[in-house]
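Read the structure below first, then the notes.
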Amino acid sequence: MNAFRFLGDMTHLFSVLVLLLKIYATKSCSGVSRKTQELYMVVFVARYMDLFTDYISLYNSVMKVVFITSSAAIVWCMRRHPQVRRTYDRDQDTFRHVVLVAASFVLALIFNERFTFREICWAFSIYLEAVAILPQLVLLQRSRNVDNLTGQYVLFLGAYRAFYILNWIYRYFTEGHTSRWIPWIAGLVQTALYADFFYYYFLSWKNNVKLELPA
Amino acid sequence: IDKVRAHDEL
């Protein structure tokens with residue numbers, strides 16, 4: 001475990017806590033894409049199947065449980081919670097996320113480390129996570145008013161994989177030059193998708209104006 | 001065969 005990875009995990013955890021805070025404190029999920037949350041739940045379930053079979057460390061197992069339960073809780077809130085579900089922008093959150101699931105699955109069948117159930121699920125979760133933010137970014141462009149917490153949620157979510165890229169560079173040079181093409185390429189794509197969001201977020205912060213993504 | 005590198009990251 002190196003500092004970059006720990007920073008990445010904490011940033012990721014923080015993004016989830018910010019979203020939970022927003023939903024719990026404001027009892028509203030306006031501006032939040034339920035489709036992206038559903039995709040993240042699939043990502044975590046598909047990736048953390050080894051939770052019960054391979055014990056890496058207490059930290060690793062605890063974080064897996066936290067990510068799976070928090071993403072499930074957020075989806076549950078947005079679907080079932082009587083107050084929260086009413087604030088969901090159903091007609092704005094229209095991205096056909098099934099396409100993302102299908103494409104990631106096909107890609108995982110072709111590009112994986114081993115053609116085994118676990119490795120195909122793992123590769124699927126890596127590819128799906130790279131594009132899972134798309135429904136959320138589309139929703140942000142549509143909904144004019146991006147509230148601060150939702151903006152911060154997306155910011156931390158984008159930053160976490162950037163820290164992971166630094167972690168991969170660090171590990172490449174310190175742990176023998178093993179190449180991990182799948183997470184590297186997917187991680188770069190994932191972080192690149194946030195590039196314009198980071199840019200407009202920075203502008204809104206610099207000019208001290210509300211964050212607005214151009215349509 | 002080489003040990004399948006466990007995915008030790010989140």
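Below, chains carry the letters A, B, ... as their sequence lines are ordered, and counting in each starts from 1. None of these values were measured; they are calculated from a predicted model. Just the heavy atoms: all of them, side chains too, but no hydrogens, waters or symmetry mates, feed the values below.
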### Message
Is there a ring pair (Phe, Tyr, Trp, His ring centres under 6.0 Å) between Y164(A) and W168(A)? Walk through the geometry before answering.
### Response
CA-CA 6 Å; Y164(A) 255 74; W168(A) 290 324; 5.8 Å; yes

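Aromatic pair F202(A)/F198(A): centroids not less than 6.0 angstrom apart.
With a 4.5 Å cut-off on side-chain heavy atoms, R161(A) and T11(A) do not count as touching.
Using cut-offs of 30° and 60° on the angle between ring planes, the pair W122(A) and H7(B) is parallel.
Within the 4.5 angstrom heavy-atom criterion, atoms from both the backbone and the side chain of N60(A) approach chain B. Contact of F44(A) with chain B is not made at all, since no heavy-atom distance falls under 4.5 Å.
Interface summary for chain B: among D50(A), D54(A), D9(A), the most heavy-atom pairs under 4.5 angstrom belong to D9(A).
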